[in-house]
Colleague: 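This structure is in structure tokens; I'll ask about it shortly.
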Amino acid sequence: MAEQSTTGTAGSGYDPQKIEAKWQKRWAEERVFETEADPSKPKYYVLEMLPYPSGTLHMGHMRNYAIGDVVARVKRMQGFNVLHPMGWDAFGLPAENAAIQNNTHPRTWTNNNIAEFQTALRRFGFSYDWRREISTCEPEYYRWNQWFFLRMLERGLAYRKKSRVNWCPKCQTVLANEQVINGGYCWRHEDTLVESKEIEQWFLKTTAYAEQLLDDLKQLEGGWPERVILMQKNWIGKSQGAKVKIAVADVPGVESIEIFTTRIDTIYGATALILPPAHPLVSKLLEGSPARAESEPKLAKMRQASVKTEDLATMEKVGVFTGRYAVNPFSGEKMPIWVGNFVLMEYGTGAIMAVPAHDQRDFEFCKKYGLPIRVVIQPLEGEPLVAGKMTEAFEEHMQGKLVHSGPFDGLSPAEAIAKMTAFAEEKSFGRGETIFRLRDWGISRQRYWGTPIPVVYCEKDGMVPVPDRDLPVLLPPNPKLTGEGESPLATDPEFVNVRCPKCGGPARRETDTMDTFVDSSWYFYRYCDPHNDKAPFDSAKVAYWFPIDQYIGGITHAILHLLYSRFWCKVMRDMTLINHNEPAARLFTQGMVQKGGVAMSKSRGNVVGAIDMAEKYGADTGRLYTLFAAPPEKDLEWSEESIEGSWRFLNRVYRLIERHAVSVRGAKDWNEDPKGLSEKERQLVRITYQTLARVTQDFDKRWHFNSAIALLMELVNEIYAHEPLEQGVRSEIQREVLSMVTLMLAPMTPHLAEELWEMLGHSDGLWNAHWPMLVLEQKELMREDEVEIPVQVNGRLRGKVKAAAGAGEEEVVKLALADPAVAHHVDGKRVVKKVFVPDRLLNLVVA
RNA sequence: GCGGGAGUGGCGGAACUGGCAGACGCGCAAGACUUAGGAUCUUGUGGCCGAAAGGCCGUGGGGGUUCAAAUCCCUCCUUCCGCACCA
């Protein structure tokens, strides 16, 4: 089979190697995919997430791009001015690690990979405008990262602070919160626990946009997958509540502790105040406390316990009493201050009040340590709660009314929250506050292969931004890479030692580089104007192309990349560089290609290389198969067996058209005149247009590429069934039908389609052809004049009758009763009800 | 635990708003052509009963709504993904 594609003896002349090379050359010569902003034409921006060039390009990548290419090609055929670019996410850790291992330069490694990826993508004939190719590791790109950084610095959106960060001992670098996975592991080294370390870091103030990032998700509804929106929502994690200062009794140096709660209405039920073991006040509280001797060893043990969050959720609650008391600002009651392992330092104020009656976690904790439980909200219905008899907390949010809450008794929780928050504000021991789970984005990386952060540190002037005119701050060409210790840039004195841009005195450069998610946060803007050396892009060009009409990528980027991109977009909007709120109107998350039940990846050794695939079957077969084997949103299990089906189909189409090439070559265009069609012509034309209508729907509305292909297979089977076409089918109609097949195939198997198009005698390339639109005459031709109507008796299929399209109930019933099988089931019974759906179904209900 | 998907032949998967379940493809079986075929073409292929006609069962399990349910409702199970003590 496949081998014969190279020897060309498969009983047909389909030779993908030859055909694909031929047409790729033609497309390049004719500059078919090169595009410019043109306000007189409707635009369509379709984009696949840019790849990180590492290892081999495999069929998992390829599927992603095949999906995008179908969309690009269909839109182009439908008359849109299509922007479909490709580039490389070229900075990153693997390049650096590979360089260390192979004693080479990250740039060499990266550029080799890029070359390999490019070859593979070109081999598949994707319709990219290659003039717009970008590579994020080039100074012409990353200088704009630096430029944006400086703008953010000016706007107070970039800042530096000493902070506890995630440190991966293997990467020897800081990880963003988002890069810590599975509750405490490095995203690259899934077996390595992330440690905590304190260093000076640069941050971008994503939290300044928390509210907008959340609100604007509404604008994405319908266009983005629901689950992505949800994941972002959870990640941003807005919650409304109040911060309350709780006075501490008799502890020198500790006046009060601030807690955060969403349920201030339950504060009369607070019977303890709980701090996490890492809380800075814990040691002060213990100092001189009567409980010190007993509690300190226990506390030490708690601090040693696992920090894995996956364990945290199921871990038993443990606590120690500090021996100290706090005073409830509402009731004036004293409550003990405890340390509890279930309280999160990072969330809220890092301290909570425990309301055991109305919070399950507090309930478990207080029950275990014998702390009192006090009901302050009674349910509206059913038995009133009795503290001693409760087996779980009464948590039903916003249900019930307040009791034992002083002047607030009788209020609903909602009313109480408003009044009690106001009271706390009035007495200035608390205030209403909205907090977010979202953190600022730590972008400092102690690595070489990234964008240098453009600031210097001067003894006299402190931190000084590098002036725009000195951009880009270039990476030093020959770093010492060891993969250990501080940033490699710090080891290069020529890079580090500079003059202060302000005073001209001696200064040191910042030696950290930026997180590579910075690169991918705005790259799609650069495609609009990739070689601009005055600005990141021309706003007018961006205004034409944006927003991205269809963005396509893996679900793995549902949070990181997409959230940062949205943030970047909003910052650029506030800088008036752009005038839209969201970068991508529609997002599609395609499924992964798996082999042996797991995603293809080099490290698992289960990749099917794209180039191997192209050499064996050709690019068109590879493209067709990835589109046919599963709907695009679902994972696809690679099967070397089923791909034969796609290969066979293309051969079948080729043979069909090859056989008729001679008879249709001289034929004129058919004028779609329905008069005078023979029955055979009529049938062929009808099914062709029916297929067109459905395939168009599958492409445009439903993205069911797999069923579109199935329809085309059916059509081809049908044409075969009408063989020989030369008998009783005029050559112009043969040509019409075969041309339609070719056009419908074109977005998926573009090379073969061009070849067939030429064989059918079209003088102009298929790239200039339009997607066929069904005109009135064709719709007329599409219509069936006889339909087969299934007949049910009591809901079970008993027969089928042929009737004229649009036949009335009476007529169909008559026909149905004439059917012996139907009659058999109706005989001797009374027809109680007739359900008739014209042209679709008849159901006779008998009793 | 919370949230979101998904469960259809031996396999990948069809079935647009409830209206012929299993399209299309893989695999398998039989046949044709052939020196040969792993090429091509034809036919068959959900299960059970039956020689056949035909009948019954059938979309994870159970229940319901309806003339009619893979599709809608309730409930349970399995599985994948995300978040995970968020106060």
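The sequence lines fix the lettering, A, B, ..., with proteins before strands; numbering per chain opens at 1.
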Colleague: Using a cut-off of 4.0 Å between protein heavy atoms and nucleotide atoms, how would you tag nucleotides 25-33 of chain B 5' to 3' with B, S and -?
Modeller: SSS------
Colleague: What I want to find out is whether Lys368(A) reaches Glu316(A) closely enough, with some N-O distance under 4.0 Å, to be called a salt bridge.
Modeller: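 Salt bridge between Lys368(A) and Glu316(A), a charged N being under 4.0 Å from a carboxylate O: yes.
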Colleague: Just the atom pairs and distances: protein N or O near nucleotides 47-55 of chain B's N or O, under 3.5 Å.
Modeller:
unit_1, atom_1, unit_2, atom_2, d
G55(B), OP1, Arg798(A), NH1, 3.4
G55(B), OP1, His825(A), NE2, 3.4

Colleague: More than 12 heavy atoms of other residues, nucleotides or ligands under 6.0 Å from CZ of Arg227(A): yes or no?
Modeller: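 Check fails, neighbour count at 12 or below.
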Colleague: Going by the rule salt bridge (charged side-chain N to carboxylate O under 4.0 Å, His left out), which residues pair with Arg566(A) if we only count those two or more places apart in sequence or in a different chain?
Modeller: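 Arg566(A): salt bridge (charged side-chain N to carboxylate O under 4.0 Å, His left out) contacts with Glu582(A).
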Colleague: Could you measure between the two P atoms, the one in U8(B) and the one in G1(B), and give it in whole Å?
Modeller: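 To the nearest whole Å, 25 Å.
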Colleague: Which whole-number value in Å describes the distance from Glu788(A) CD to G19(B) P?
Modeller: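 The distance from CD of Glu788(A) to P of G19(B) comes to 18 Å, rounded to the nearest Å.
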Colleague: Answer with yes or no whether Lys701(A) presents, from its side chain, a donor or acceptor under 3.5 Å of a partner atom in the base of C16(B).
Modeller: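 Looking at the base of C16(B), it does not pair with any donor or acceptor on the side chain of Lys701(A) (distance under 3.5 Å).
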Colleague: So, is Arg655(A) near the phosphate of A39(B), with a side-chain N or O under 4.0 Å from OP1 or OP2?
Modeller: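 No, because none of the side-chain N or O atoms of Arg655(A) sits under 4.0 Å from OP1 or OP2 of A39(B).
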Colleague: Does His704(A) have a side-chain nitrogen or oxygen under 4.0 Å from the phosphate oxygens OP1 or OP2 of A15(B)?
Modeller: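 Answer yes for this pair, as a side-chain N or O of His704(A) is under 4.0 Å from OP1 or OP2.
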Colleague: Rounded to the nearest angstrom, tell me the gap between atom CZ in Phe342(A) and atom P in C86(B).
Modeller: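 Atom CZ in Phe342(A) sits about 10 Å away from atom P in C86(B).
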Colleague: In whole angstroms, how far is the C1' atom of C80(B) from the CG atom of Asp635(A)?
Modeller: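 Between C1' of C80(B) and CG of Asp635(A): 9 Å.
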Colleague: When you measure from the side-chain N and O atoms of Arg702(A) to the phosphate of A14(B), is any distance below 4.0 Å, counting only OP1 and OP2?
Modeller: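 No, because none of the side-chain N or O atoms of Arg702(A) sits under 4.0 Å from OP1 or OP2 of A14(B).
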Colleague: Work out how far the P atom of G55(B) is from that of A21(B), and round it to whole angstrom.
Modeller: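 The answer is 13 Å between these two P atoms.
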Colleague: Considering only nitrogen or oxygen atoms on both sides, find all protein atoms under 3.5 Å from nucleotides 65-73 of chain B and state each distance.
Modeller:
unit_1, atom_1, unit_2, atom_2, d
C67(B), OP1, Lys833(A), NZ, 3.4
C67(B), O2', Asn843(A), ND2, 3.1
C67(B), O2, Asn843(A), ND2, 2.6

Colleague: Do the ring centers of Phe429(A) and Phe330(A) come within less than 6.0 Å of each other?
Modeller: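 Under 6.0 Å, so yes.
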Colleague: Counting C-beta onward and ignoring hydrogens, is there a side-chain heavy-atom pair between Leu371(A) and Trp338(A) closer than 4.5 Å?
Modeller: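 Leu371(A) reaches Trp338(A) side chain to side chain.
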Colleague: Suppose you measure atom C1' in C11(B) against the same atom in C86(B); what distance do you get, rounded to whole Å?
Modeller: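 My reading of the C1' atoms in C11(B) and C86(B) gives 45 Å.
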Colleague: Please name all residues satisfying side-chain hydrogen bond (donor to acceptor under 3.5 Å, both in side chains) with Arg694(A), sequence neighbours left out, ordered by chain then number.
Modeller: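 side-chain hydrogen bond (donor to acceptor under 3.5 Å, both in side chains) check on Arg694(A) returns nothing, list empty.
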Colleague: Establish, for the pair Lys317(A) and Phe342(A), whether the NZ or CZ atom is under 6.0 angstrom from the six-membered ring centre and no further than 45 degrees off its axis.
Modeller: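 Geometry flag: set, cation within 6.0 Å and 45°.
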Colleague: Counting only side-chain N and O atoms of Asn234(A), is one of them less than 4.0 Å from OP1 or OP2 of G82(B)?
Modeller: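 Negative; the distance criterion is not met.
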Colleague: Distance check: side-chain N/O of Ser239(A) vs OP1/OP2 of A87(B), anything under 4.0 Å?
Modeller: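 Answer is yes, contact under 4.0 Å.
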Colleague: Would you confirm whether the ring centroid of Trp703(A) sits within less than 6.0 angstrom of the ring centroid of Phe705(A)?
Modeller: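 Yes, close enough.
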Colleague: Name the nucleic acid region contacted by Ile352(A), choosing base, sugar-phosphate or nothing; use a 4.0 angstrom heavy-atom cut-off, strictly under.
Modeller: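 Here Ile352(A) touches the bases of the nucleic acid.
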Colleague: Tell me the partner of C2(B), counting only Watson-Crick (N1-N3 plus N6-O4 or O6-N4) or G-U wobble (N1-O2 and O6-N3) with both under 3.5 Å; none if nothing fits.
Modeller: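 Pairing partner, where one exists within any strand: G82(B).
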Colleague: Across the strands shown, which category fits Lys800(A) at heavy-atom distances under 4.0 angstrom: base, sugar-phosphate, nothing?
Modeller: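 Base, at least one base atom sits under 4.0 Å.
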Colleague: Atom CG of Leu712(A) and atom CG of Leu745(A): how far apart are they, to the nearest 0.5 Å?
Modeller: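 One gets 6.0 Å once the value is rounded to the nearest 0.5 Å.
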Colleague: Output the rounded distance in Å from CG (Asp698(A)) to P (A23(B)).
Modeller: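 Nearest whole value for this atom pair: 17 Å.
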Colleague: So what does Arg227(A) hit on the nucleic acid, given a heavy-atom distance under 4.0 Å: a base, only sugar-phosphate, or nothing?
Modeller: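 Result for Arg227(A) = sugar-phosphate.
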Colleague: For U71(B) versus A6(B), give the span between their P atoms, rounded off to a whole number of Å.
Modeller: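 Roughly 13 Å separates the two P atoms.
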Colleague: Calculate the interatomic distance between Ile229(A) atom CD1 and C81(B) atom P; express it in whole Å.
Modeller: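 Taking CD1 of Ile229(A) and P of C81(B), I get 22 Å after rounding.
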Colleague: Taking only the C1' atom of each, what is the distance from U59(B) to G47(B) in whole angstrom?
Modeller: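 Taking atom C1' in both U59(B) and G47(B), they lie 13 Å apart.
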Colleague: Rounded to whole angstrom units, what separation is found between the CD1 atom of Ile274(A) and the C1' atom of C85(B)?
Modeller: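 So the CD1-C1' distance, Ile274(A) to C85(B), works out to 11 Å.
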Colleague: Does C11(B) have a Watson-Crick or wobble partner in any strand here, with both distances under 3.5 angstrom, and which is it?
Modeller: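 Check on C11(B): paired to G25(B), both distances under 3.5 Å.
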Colleague: Please give, in whole Å, the distance from A23(B) P to Ile709(A) CD1?
Modeller: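 Distance check: Ile709(A) CD1 to A23(B) P gives 17 Å.
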Colleague: Closer than 3.5 angstrom, by distance alone: can the side chain of Asn843(A) be matched with the main-chain N or O of Gly795(A) as a donor-acceptor pair?
Modeller: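 Yes, Asn843(A) side chain to Gly795(A) backbone: donor-acceptor pair under 3.5 Å.
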Colleague: Map Leu711(A) and Met345(A) onto RNA chain B by nearest heavy atom, then report which one ends up closer to the 5' terminus.
Modeller: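 The residue closer to the strand's 5' end, by nearest nucleotide, is Leu711(A).
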Colleague: Please work out whether G9(B) sits syn or anti, treating a glycosidic angle within 90° of 0 as syn.
Modeller: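 Here the answer is syn: the torsion falls within 90° of 0.
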Colleague: Charged N to carboxylate O under 4.0 angstrom, Lys367(A) versus Glu392(A)?
Modeller: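 Salt bridge between Lys367(A) and Glu392(A), a charged N being under 4.0 Å from a carboxylate O: no.
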Colleague: Does Thr266(A) offer a backbone N or O that forms a donor-acceptor pair with the side chain of Ser405(A) under 3.5 Å?
Modeller: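 Absent.
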Colleague: Base, sugar-phosphate, or nothing for Val343(A), non-hydrogen atoms under 4.0 angstrom?
Modeller: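 Base: the residue Val343(A), judged by heavy atoms under 4.0 Å, touches a nucleobase.
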Colleague: Looking only at side-chain atoms of Asp359(A), point me to the closest of G13(B), A14(B), A87(B).
Modeller: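 Among G13(B), A14(B), A87(B), the one nearest the side chain of Asp359(A) is A87(B).
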Colleague: For nucleotides C76(B) and A84(B), find the distance between their P atoms and express it as a whole number of Å.
Modeller: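 My reading of the P atoms in C76(B) and A84(B) gives 27 Å.
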Colleague: Can you check the distance between G25(B) and G46(B), where both ends of the measurement are the P atom (answer in whole Å)?
Modeller: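 About 15 Å, rounded to a whole number of Å.
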Colleague: Using atom C1' of each nucleotide, how far apart are G22(B) and A15(B) to the nearest Å?
Modeller: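 Comparing C1' positions in G22(B) and A15(B) gives a spacing of 9 Å.
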Colleague: From the list A87(B), C24(B), C83(B), which nucleotide is the closest neighbour of the side chain of Glu714(A)?
Modeller: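 Nearest listed nucleotide: C24(B).
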Colleague: side-chain hydrogen bond (donor to acceptor under 3.5 Å, both in side chains) with Asn717(A): which residues, sequence neighbours excluded?
Modeller: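 Result, side-chain hydrogen bond (donor to acceptor under 3.5 Å, both in side chains) vs Asn717(A): Arg652(A).
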Colleague: In whole angstroms, how far is the P atom of G4(B) from the CD atom of Glu633(A)?
Modeller: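 Spelled out: CD on Glu633(A) to P on G4(B) is 19 Å.
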Colleague: Treating Asn341(A) as the side-chain partner and Val318(A) as the backbone partner, does any N or O pair qualify as donor plus acceptor under 3.5 Å?
Modeller: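 The answer is yes, because a donor-acceptor pair under 3.5 Å joins these two groups.
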